[in-house]
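See structure below.
Scope of the values below: all heavy atoms of this structure, side chains included, with no hydrogens, waters or symmetry mates.
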Amino acid sequence: MVRRIGRVLSEYGAQVWGSGRNPKLYLVGVFLFGLGQSIFTLIFNLYLRTLGYSDSGIGQILSKVSIGAAVAALPAAFLFRRAPARTLLVLAGALTALGYTLQSTFRAPELLLLLAFVTGMVITVFRLSIAPVIMKETGPGARPFLFSASFGVLFASAIVGSIVGGALPHLFRSFNGEEQAALRATLYAGCVLTLLSTVPFFAMTEPAGAEKKPPPSALAQVRDFLEIDWGLHLRLILPAALVGLGAGLIIPFMNLYFRDRFGLTEGEIEALFGVMQVFMVVGNLFGPAVSRRMGLVGGVVATQLASVPFMIVLALSGSFPLVAAAFFLRSGLMNMNQPLASHFAMEVVPRRDHAVTNSLLSLAWFLAWSLSADIGGALIERRGYTEPLLIAAALYVGFIVMTVVRGWQ
């Protein structure tokens, strides 16, 4: 097993190192952006609590980030067709850092709500950049590795950000002993790291000899959007929405699941989720090997199918060791699946539709997740965790059936 992981890492290193200057700079920028974002999101709600905000008030502010992301999903796709990715990424990093800084500085509820909404819109540009950038900057052989590497780098930055974000308040508190000031200083550190992501993004260049075409007009972009192959896109969007519905039913509540069913403390839950993130990174590493052996469609179906028994274990088992193992393995499989599914979608649509397709998939996922999260919370409150987990497993099976029956080649 160790030798196999070593071979996978060696092949990853060779593929990423040989992919060219822009993909490597992009991955560095992704790591810095993810690191700053992880620190900020870890600390921000704790900081708001010190300002006297209630849980519902904090929830309203955090929800505006998701609403902003949904609003910006399709406009972001048009931006990627009109402007170079390098320019958009630099602006996204700088404006996100500015939004985080203003949120860390001001206290008025109305202003924080507005800033959260606008920051969510800007972050969407960064999140939607992965597929278009990789499809443009890499060849077919390296794409599976770069798709997995980009998701893996994001999860790795989340792990490092959780560690750093947990340690920095203690460090800053040792200087003046005041909790609110220590948390604010930590938020500013996250802002600086987010801003640093603009350096590698700015260093990216347009490929030598690339043909420079004038950006399409707004009317032309709307016409192109209306003329995309909607039959093909529905075949991509509907399965993705099923997975989003299943995930939204239970994933936002997994920390509560472990607290309520097994009585875990906050520290124990944090440790459990830390191990889970490691499995997520490992799952990303093995994605290319799975796609090479089974093909993109086979890899997507196999990893999704393999996760279903673990969902059933989570629903029915009362054994903590068994449930913890199922939780880890399901996380690894689903995060092996995500880059494969994203790569597959980009391969089957024309290049000019990459950004639009990516935005439509993200929008479908967000809407499905938001809808099912509301339903999942109500179900859990009334019936417990078993039914939402079983329904989620059934929706995953629906995704598999829909993918197989539609006969992707």
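Counting all heavy atoms, side chain and backbone alike, T198 lies closest to A94 at CG2-N, 3.4 Å. Minimum interatomic distance between G246 and A392 (heavy atoms only, all atoms of both residues): O-CB, 3.3 Å. In this structure, I134 and S150 approach most closely via the heavy-atom pair CD1-OG, 3.6 Å. In this structure, G244 and A368 approach most closely via the heavy-atom pair C-CB, 4.0 Å. Heavy-atom minimum distance, W365 versus A247: CH2-CB, 3.8 Å. The shortest heavy-atom contact between L361 and A240 is CD2-CB, 4.0 Å.
Counting heavy atoms from C-beta on, the side chains of Q37 and T41 come closer than 4.5 Å. At least one side-chain heavy atom of L187 sits less than 4.5 Å from a side-chain heavy atom of Y47. Proximity of L196 to L35: side-chain heavy atoms (C-beta onward) are nowhere separated by under 4.5 Å. Within the 4.5 Å cutoff, the side chain of V243 has no heavy atoms near those of the L395 side chain. Between L95 and V118, every side-chain heavy-atom pair lies at or beyond the 4.5 Å cut-off. Taking 4.5 Å as the limit, every side-chain heavy atom of S129 sits out of range of all side-chain heavy atoms of L88. Using a 4.5 Å heavy-atom cutoff, the side chains of V349 and L232 are in contact. Within the 4.5 Å cutoff, the side chain of I250 has heavy atoms near those of the M311 side chain.
Judged purely by atom type and a 3.5 angstrom limit, S104 uses its side chain to pair as donor or acceptor with the backbone of Y100. In terms of modelled atom types and a separation under 3.5 Å, the side chain of R21 and the main chain of A203 share a donor-acceptor contact. Checked by atom type and distance alone, the side chain of Q304 never pairs as donor or acceptor with a backbone atom of I400 at under 3.5 Å. The backbone N or O of L193 lies less than 3.5 Å from no partner atom in the side chain of S197, so there is not a single donor-acceptor pair. In this structure a side-chain-to-backbone donor-acceptor pair under 3.5 Å is missing from T194 to G93. The closest donor-acceptor contact from the side chain of R383 to the backbone of P388 lies at 3.5 Å or more, if one exists at all.
A distance of 6.0 Å separates OG in S157 from CZ in F31, rounded to the nearest 0.5 Å. L238 contributes atom CG, which lies 12.5 Å from atom NE2 of H233 (distance to the nearest 0.5 angstrom). To the nearest 0.5 angstrom, Q103 atom CD is 8.5 Å from L48 atom CG. Between the CE atom in M280 and the CE atom in M334 there is a gap of 10.0 Å [rounded to 0.5 Å]. The distance from the CZ atom of F328 to the CG atom of L272 is 4.5 Å, given to the nearest 0.5 Å. Once rounded to the nearest 0.5 Å, the distance linking CD1 of I39 with CD1 of I163 reads 10.5 Å.
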side-chain contact (heavy atoms from CB on, under 4.5 Å), that's the test. Do L112 and Y53 meet it? Break it down for me. CA-CA 12 Å; L112 289 178; Y53 280 86; 3.3 Å; yes
Would you please test F279 and V275 for side-chain contact (heavy atoms from CB on, under 4.5 Å) and show each step? CA-CA 7 Å; F279 273 78; V275 175; 3.9 Å; yes
List the steps, then state whether side-chain contact (heavy atoms from CB on, under 4.5 Å) holds for F262 with E268. CA-CA 11 Å; F262 298 102; E268 290 168 338; over 6 Å; no
Determine, stepwise, if the pair L183 / F172 fulfils side-chain contact (heavy atoms from CB on, under 4.5 Å). CA-CA 8 Å; L183 292 175; F172 292 129; over 6 Å; no
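With sequence neighbours excluded, the residues forming a ring-ring contact (aromatic ring centres under 6.0 Å, His included) with Y257 are Y385, listed by chain and number. Partners of F258 according to the ring-ring contact (aromatic ring centres under 6.0 Å, His included) rule, which considers only residues two or more places apart in sequence or in another chain, are F327. Not a single ring-ring contact (aromatic ring centres under 6.0 Å, His included) links F117 to another residue, sequence neighbours left out.
Judged by a 6.0 Å distance limit and a 45° cone about the ring axis, R86 is positioned over the six-membered ring of F202.
By the 30° and 60° cut-offs, the orientation of the rings of F40 relative to F44 is parallel.
If you check the side chains of T386 and R261, you find a donor sitting under 3.5 Å from an acceptor.
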